[in-house]
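Chain A is the first sequence line, chain B the second, and so forth, proteins listed ahead of strands; every chain is numbered from 1.
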Amino acid sequence: MEFSDELECGDEGLLSPPHTHQRTILHLDADCFYAQVEMVRQPELRDKPLGIKQKNLVVTCNYVARSQGVKKCMWLKEAMEVLPELVLVDGSDLTHYRRFSTQISGVAQSLTHRVERLGLDENFIDVTDLVDEYMNATGSSDIEGHVFGDKEPVSMDLVDPCGCGCRERLVAGSLVAKQLREQILKETGITVCAARSIPGIGSTTFSVLKDLGISTVQELQDVPLKLLRTKFDSETCSRLKEVSNGIDETSVKKSGKAQSVGLEDAFTKVNSVAEVKVKYQILLERLLKLLREDGRVPVSIRVSVRKFDLAKRFGHRETRQTSISSSLFPDGVNNVGENTRSSLMKTVMGLFQKMVDTSKDFHLTLVGVAFNKLIERVRKGKDISSFFGKRTREETTETYKYTTDNECKRLCVPLSPEKSSDGHESIREFEQINMDKLNDKSLLTSEPLDPILELESTDCRRVDNNTEDSDLVLKGIDPEVFRSLPEEIKQEVLKTHACPDRKSLTQTPSTSPVKTSNQAGVISIEKSGTIESNGSGHSGSKQLWAPR
DNA sequence: ATGGGTAGT
DNA sequence: ACTACCC
Ligand SMILES: Nc1nc2c(ncn2[C@H]2C[C@H](O)[C@@H](COP(=O)(O)OP(=O)(O)OP(=O)(O)O)O2)c(=O)[nH]1
């Protein structure tokens, strides 16, 4: 977790115009997220080198594996060469990760509604109100202590040269951060840490910067604008310059419900309509399940393919979309009948054939389907009057039929900032935190990654299904079609139809599994070398992207 | 690459 | 419909 507040205000040049430093924003990032989820689900994986695999890719791995040379997004083959004893768990189905992710954001949302999600494992949390309340309640002169980095304590004396009050904000904010991390660990078993990134600077931007010879925050600050302009438009340049000086006025935007919900399946080759149908059918079934959890009704569907293309083989997808008749979900999304399913499948295949001429040879490497516009459930008949009748005045703007989430958001902007009752409880808890007294140490530490245990090797997991002996009745799939399918596809069909969820998430982490769990988070300060750390910025004391 | 997302054009 | 960006 990162606590973002102005750190660069020691630079005199930045003091005009004066910063008021009014916001306090936390930036949370779960460590090796998918791997951690699997370790919570299967604690025996804890001390083994664990890789999360999707097809031929190891998308992430735990720190045990990282210490042995496994990298994120490494080819499976390469990873197994580097570390033959790597234990693999398939992470193609994001269901569990999605659930943990929702849970993590939920803990943050119990503090404030001002929570913005980024991907499954990052959250921006605007805790300004909580911090203000805390400071008003205690009097800022009573707020003393240290802010902790992930590993090293950081002296507050060194981070508040500007005297605008941000020092107290930093301390109070770090207390919120600490408590939030502990609560997330308690409720989900997941440890979160300082985000080591600056929003808006991901791997793409970083590699462009690198080509310009820019790898550190300092270098980004110093680079001539003209040089930047050769690679970025002027708006991006301004943003880059600002964030390099720790300035980011972007507001934390509440992430309501998703704008779209979709699923993809990638593979090396699919070239028959029968296979395509099966792929879409499986995706659609899974998607309807997701939809049920979402609760909204889809009004638009999008189908995508990726065609094999040796020449211009950048990750190009084609998509086609169409609207969905509201009559397909007369009772909402909870019970979707066979008619609706087959109608959706027809729609999907219709869209598919707009992209692929199935009378000729084709070679696909991915199919996908998404509901890309969703609305709150439509009430009908009697329900609609009671629906309207029960609403309070403030809520009535929500009740338009067929209002999309976006439109709804615009209409529902609250007139006054909300205060959660949770906030007060939290404030009380802050007061119980006993601040450690710690020696001031150098701010400019670049610590190595955590020490990681050496471990014994373990077998890779493998599942072999035999499809010959099964006479399963497969929902919605013609047995003759099934028999005609390639063996791989059969396997997949059997897997998705025969394999219910394994474990529930109710277990709690037995012991605090990881090292840093009692520390608040974070102000990371640049050592000199890499772009890995820098704290700064009022809304965004972030570092540049840190490849690890 | 893989399996998702967001926003802008 | 597609692009560029994010995780
Ligand atoms: N399939 C796929 N998944 C990704 C990609 N980037 C990130 N993820 C997933 C896997 C990660 O566990 C999760 C969070 O991404 P992060 O970039 O924060 O990495 P992670 O948390 O695994 O490791 P970290 O400890 O932050 O270095 O999102 C990607 O390009 N493809």
From C-beta outward on [X], which listed nucleotide comes closest to its side chain: [options]?
X	options	result
Ala266(A)	dG3(B), dC2(C), dA7(B)	dG3(B)
Arg306(A)	dA1(B), dC7(C), dC5(C)	dA1(B)
His316(A)	dC5(C), dT2(B), dT3(C)	dT3(C)
Thr319(A)	dC6(C), dG3(B), dA1(C)	dA1(C)
Leu57(A)	dC7(C), dA1(B), dC5(C)	dA1(B)
Gln259(A)	dG4(B), dC6(C), dA7(B)	dA7(B)
Glu122(A)	dC7(C), dG4(B), dC2(C)	dC7(C)
Asp121(A)	dC2(C), dC7(C), dG5(B)	dC7(C)

In whole Å, I'd like the distance from the [atom1] atom of [X] to the [atom2] atom of [N].
X	N	atom1	atom2	result
Leu263(A)	dG3(B)	CG	P	10 Å
Ile198(A)	dC5(C)	CD1	C1'	16 Å
Leu120(A)	dG3(B)	CG	C1'	9 Å
Asn372(A)	dT6(B)	CG	P	11 Å
Glu235(A)	dA7(B)	CD	P	16 Å
Leu351(A)	dA1(C)	CG	C1'	13 Å
Lys254(A)	dA7(B)	NZ	P	15 Å
Leu287(A)	dG4(B)	CG	P	9 Å

Scan [X] against the nucleic acid and name what it touches under 4.0 Å (heavy atoms): base, sugar-phosphate only, or nothing.
X	answer
Leu366(A)	nothing
Arg320(A)	sugar-phosphate
Gly91(A)	nothing
Gly368(A)	nothing
Leu94(A)	sugar-phosphate

Quiz item: If only atom types and distance count, is the side chain of Gln54(A) paired as donor or acceptor with the main-chain N or O of Gly91(A) below 3.5 Å?
Solution: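 Judged by distance alone, yes, a pair lies under 3.5 Å.
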Does a side-chain N or O of [X] approach OP1 or OP2 of [N] to a distance below 4.0 Å, or not?
X	N	answer
Ser197(A)	dC6(C)	no
Ser260(A)	dT6(B)	yes
Lys55(A)	dG3(B)	yes
Lys72(A)	dC7(C)	no
Arg317(A)	dC2(C)	no

Exercise. Between Cys73(A) and Arg302(A), just flag the one whose closest nucleotide in DNA chain B comes earlier from the 5' side.
Key: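 Comparing both residues, the 5'-ward one is Cys73(A).
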Quiz item: Could you give all pairs that pass the ring pair (Phe, Tyr, Trp, His ring centres under 6.0 Å) test and reach residues 249-307 of chain A, with sequence neighbours left out?
Solution: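 Qualifying pairs: Tyr280(A)-Phe352(A).
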Self-check item: Side-chain heavy atoms of Leu288(A) within contact of Arg292(A), under 4.5 Å
Solution: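 No - every pair of side-chain heavy atoms lies 4.5 Å or more apart.
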Quiz prompt | Minimum side-chain heavy-atom gap Arg286(A)-Leu283(A) below 4.5 Å | solution =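 Heavy-atom side-chain distance check passes, below 4.5 Å.
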Quiz prompt | Test item: side-chain donor near acceptor, Gln321(A) and Asn372(A), under 3.5 Å | solution =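 Yes.
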Quiz prompt | Whether over 12 other heavy atoms sit under 6.0 Å from Glu488(A) CD | solution =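 Atom CD in Glu488(A) is not packed in, count stays at 12 or less.
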Self-check item: Residues Lys307(A), Asp309(A); criterion salt bridge (Lys or Arg N to Asp or Glu O under 4.0 Å); working and verdict
Solution: CA-CA 6 Å; Lys307(A) 295 171 181 168; Asp309(A) 191 331; over 6 Å; no
